[in-house]
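Below, each value reflects all heavy atoms present in this structure, side chains not excepted, and no hydrogens, waters or symmetry copies.
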Amino acid sequence: MDQFQSYFYEIYQTGNLTQAAKNLYLSQPALSISLAKLERRLGVTLFDRSQKPLALTAEGQLYLQEVLKVRNAEADFRHELADLQGQTTGEIRIGSSQYFNSYYLPDVLLAYERQYPRVTVRILERNSELLNRELYAGNVDLIVHCGHVDTRKVTVQPVLVDQVVLAIPKALITLDQAHQLRSFIQGASQPDVIAWLEQLPFISVSPTNNFRERMDLICAALSFRPHVKYEMYQLETAFHLAAHGLGATFVTDQIRQSIANHDLYYFDLELPLAQRTFFALTRKRGYLERPLQNFLTTLMDPPAPTR
């Protein structure tokens with residue numbers, strides 16, 4: 001990228017002229033003058049100065065796409081050059097969610113580090129929507145999540161399937177009700193189940209977590225509307241509140257296996273919605289450098305868990 005493009009991109013990233021100037025080791029007036037020169041050269045206004053943080057105008061959005069093309073092309077060239085020279089060192093940038101990083105990534109990282117000790121792995125932890133943005137912008141090389149995917153922009157490979165289960169504190173339902181619910185989930189007629197399910201307090205993740213949408217769809221498939229008492233940001237937090245008897249929740253089989261708790265009934269859900277697939281995403285037409293290819297191979301064929 002040329003100097004003006006670099007300045008523009010830093011302002012876009014920070015949304016703040018003062019912080020962008022600090023990151024670029026410039027004074028704010030100097031950066032403001034450079035931005036004004038760029039806008040005069042292009043004949044458009046790139047940022048809406050009335051908003052904080054600074055927001056791109058429609059013309060700024062178009063210019064950003066051109067800057068990203070240049071930025072990503074330069075990164076691809078550096079990667080190809082390193083592979084051509086047979087370099088065994090380097091850096092790869094991986095983005096994934098807190099859940100994936102907690103339960104699946106550690107074993108993958110251990111195996112990768114043992115085989116490729118001279119490659120540095122940088123980890124970015126975000127939700128799926130933000131991870132998509134970071135990938136499109138070229139700030140990460142590969143992301144893993146189970147959220148919505150725009151296949152026009154990315155190459156998608158399934159990595160693993162995660163199973164969703166329903167967890168209900170034993171203090172909130174009787175053993176007979178637990179048997180009724182298992183029978184209901186398997187398709188038997190249990191007219192009383194929906195009534196008492198709707199009276200149970202539920203602990204949900206917040207709408208910012210894509211797991212919430214899956215939870216709502218599962219409840220709809222089971223024909224009941226949950227009474228949500230608490231909304232938490234992370235799935236593990238919802239689990240721990242449920243484990244203390246504060247309400248029912250949906251968790252994953254991975255959490256059930258990793259965090260032992262005998263105060264909960266677990267109900268396996270025989271629904272396609274209860275299986276969520278995690279995908280590895282890379283930029284379409286982006287160059288996969290050898291260290292990244294090796295990481296993807298390790299990810300697709302993970303080692304046996306060490307725990």
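- Side chains of Asn139 and Glu134: a donor-acceptor N/O pair is present below 3.5 angstrom, by distance only.
- In this structure, Phe279 and Val159 approach most closely via the heavy-atom pair C-CG2, 4.0 Å.
- Of all heavy-atom pairs spanning Arg122 and Glu91, the tightest one is NE-OE1, 3.2 Å.
- For the pair Arg276 and Tyr99, the cation sits on the ring face: its NZ or CZ lies under 6.0 Å from the ring centre, inside 45° of the axis.
- The nearest pair of heavy atoms linking Asn16 to Thr18 is OD1-N, 2.9 Å.
- At least one cation-pi condition fails for Arg283 and Tyr136: the charged atom is not both under 6.0 angstrom from the six-membered ring centre and inside a 45 degree cone around its axis.
- Leu135 and Tyr12 fall into different hydrophobic clusters, where Ile, Leu, Val, Met, Phe, Trp and Tyr residues are linked whenever their side-chain heavy atoms come under 4.5 Å apart, directly or through other members.
- Scanning for salt bridge (Lys or Arg N to Asp or Glu O under 4.0 Å) contacts around Glu39 gives Arg49, with sequence neighbours left out.
- In this structure, Lys37 places its NZ atom where only 12 or fewer heavy-atom neighbours from other residues, nucleotides or ligands lie under 6.0 Å away.
- Distance alone, capped at 3.5 Å, is enough to place a donor-acceptor pair between the Gln177 side chain and the Thr174 backbone.
- Contacts of Glu129 classified as side chain to side chain contact (heavy atoms under 4.5 Å, CB included), with partners at least two apart in sequence or in another chain: Asn127.
- Linking ILVMFWY residues whenever their side-chain heavy atoms come closer than 4.5 Å, directly or via other members, places Tyr63 and Val44 in the same cluster.
- When atom types are taken as modelled, the side chain of Arg212 and the backbone of Ser206 share no donor-acceptor pair closer than 3.5 angstrom.
- Take Tyr116 and apply the ring pair (Phe, Tyr, Trp, His ring centres under 6.0 Å) test, not counting sequence neighbours, and it matches Tyr112.
- Distance alone, capped at 3.5 Å, is enough to place a donor-acceptor pair between the Thr298 side chain and the Asn294 backbone.
- With Ser34 contributing its side chain and Ala30 its backbone, the two residues share a donor-acceptor pair below 3.5 Å.
- Remark: side-chain polar atoms of Thr57 are paired, donor with acceptor, to backbone N or O of Leu46 under 3.5 angstrom.
- At a threshold of 4.5 Å between side-chain heavy atoms, the hydrophobic network of Ile, Leu, Val, Met, Phe, Trp and Tyr places Phe267 and Leu235 in one connected group.
- Taking both residues in full, the closest heavy atoms of Leu124 and Leu131 are given as O-CD2, 4.1 Å, listed atom of the first, atom of the second, then distance.
- Counting only distance, with no hydrogens or angles, the side chain of Lys229 and the backbone of Gly247 share no donor-acceptor pair below 3.5 Å.
- Considering CG of Asn209 and OG of Ser128, their distance stands at 8.0 Å, rounded to 0.5 Å.
- A donor-acceptor pair under 3.5 Å is absent between the side-chain atoms of Asp268 and the main chain of Arg182, judged by distance alone.
- The 12-atom threshold is exceeded at NE2 of His227, counting heavy atoms of other residues, nucleotides or ligands nearer than 6.0 Å.
- Under the side chain to side chain donor-acceptor pair (under 3.5 Å) test applied with Asp150, the options Arg152, His148, Lys153 reduce to a single match, Arg152.
- Gln5 places no side-chain N or O within donor-acceptor distance of the main-chain N or O of Val67, the cut-off being under 3.5 Å.
- Interatomic distance, Leu160 CG to Cys146 SG, rounded to the nearest 0.5 Å: 9.0 Å.
- Taking the side chain as every heavy atom from C-beta outward, Phe202 and Leu166 approach each other to under 4.5 Å.
- With His145 contributing its side chain and Gly147 its backbone, the two residues share a donor-acceptor pair below 3.5 Å.
- Between the side chain of Arg214 and the main chain of Leu273, a donor-acceptor pair closer than 3.5 Å is present.
- Under the 6.0 Å cut-off for aromatic ring centres, Phe278 and Phe100 qualify, their centroids lying closer than that.
- Tyr9 and Phe4 have their aromatic ring centers separated by at least 6.0 angstrom.
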